[in-house]
Amino acid sequence: MLRPKVPTNPTPTGLVIPPTAEPIATVLHVPPPAPVTQSSTRPAVHLTPGTALALVGGGTAVVLVVGAVLVSMLLAVAITGVSVAVCAVVLRSMLASGRTHR
C-alpha cells in the first residue's frame with residue numbers, strides 16, 4: 001500500500017538518455033569574449049577633513065541618543081520592578097497583621 005516507487009532511470013547521474021539513438025551533430029563551443037569593464041561616469045567621493053569630522057560627530061551623537069534611550073528604558077523597568085516589590089511587601093504586611101490582630 002505505501003511502497004515507494006523506484007525511478008526507472010538506469011543512470012544515477014541524473015542525465016536522461018533518450019530511448020531512440022539518433023546521430024548527434026558535434027558542435028564546437030567557442031568561449032564568449034571576456035567582458036569589457038566600463039569606466040564609471042560617477043564622480044568619486046572625496047572625504048575632506050571637515051566631512052570626516054562631521055561624520056564622526058554625527059555617529060557619536062547617534063550613539064549617545066540611542067544609549068540614553070536604552071538607559072532610560074532600563075531605569076523604567078527597574079523602577080517598575082521596585083514599585084511592584086514594595087506593593088507586594090505592603091500587601092503581605094497588611095494580610096499578616098490582619099491575621100494576628102483578631
Side-chain angles (χ1 to χ4, degrees):
M1 181 172 145
L2 296 175
R3 294 186 184 198
K5 294 183 179 181
V6 179
T8 58
N9 190 3
T11 57
T13 59
L15 299 175
V16 178
I17 300 172
T20 60
E22 297 179 6
I24 299 173
T26 304
V27 178
L28 296 176
H29 292 284
V30 178
V36 179
T37 58
Q38 297 178 356
S39 62
S40 176
T41 58
R42 296 185 308 172
V45 177
H46 297 289
L47 288 178
T48 62
T51 56
L53 188 61
L55 286 174
V56 168
T60 303
V62 167
V63 166
L64 289 176
V65 168
V66 169
V69 168
L70 291 177
V71 167
S72 64
M73 288 173 63
L74 179 65
L75 283 174
V77 169
I79 290 170
T80 303
V82 168
S83 66
V84 168
V86 167
C87 289
V89 167
V90 169
L91 285 174
R92 182 178 173 192
S93 172
M94 289 172 60
L95 290 175
S97 67
R99 281 188 237 142
T100 57
H101 294 299
R102 284 191 179 196

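Just so it is clear, the model here is predicted, and its values are computed rather than measured.
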### Query
Taking T60 for the side chain and V56 for the main chain, is one N or O donor matched with an acceptor at less than 3.5 Å?
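Yes, because the side chain of T60 sits within donor-acceptor range (under 3.5 Å) of the backbone of V56.
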### Message
When you compare the side chains of T51 and T48, does any donor N or O come within less than 3.5 Å of an acceptor on the partner?
### Response
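Checked: T51/T48 side chains pair up, N/O donor to acceptor below 3.5 Å.
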### Task
Scan V69, V63, L70 and name whichever one has a side chain to side chain contact (heavy atoms under 4.5 Å, CB included) with V66.
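The option that passes is L70.
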### Query
Do L74 and V82 belong together in a cluster built from hydrophobic side chains that touch within less than 4.5 Å?
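Different clusters.
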### Query
So, for S83 and T80, which heavy atoms are closest and what is the spacing to 0.1 Å?
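It is OG-O, 2.8 Å.
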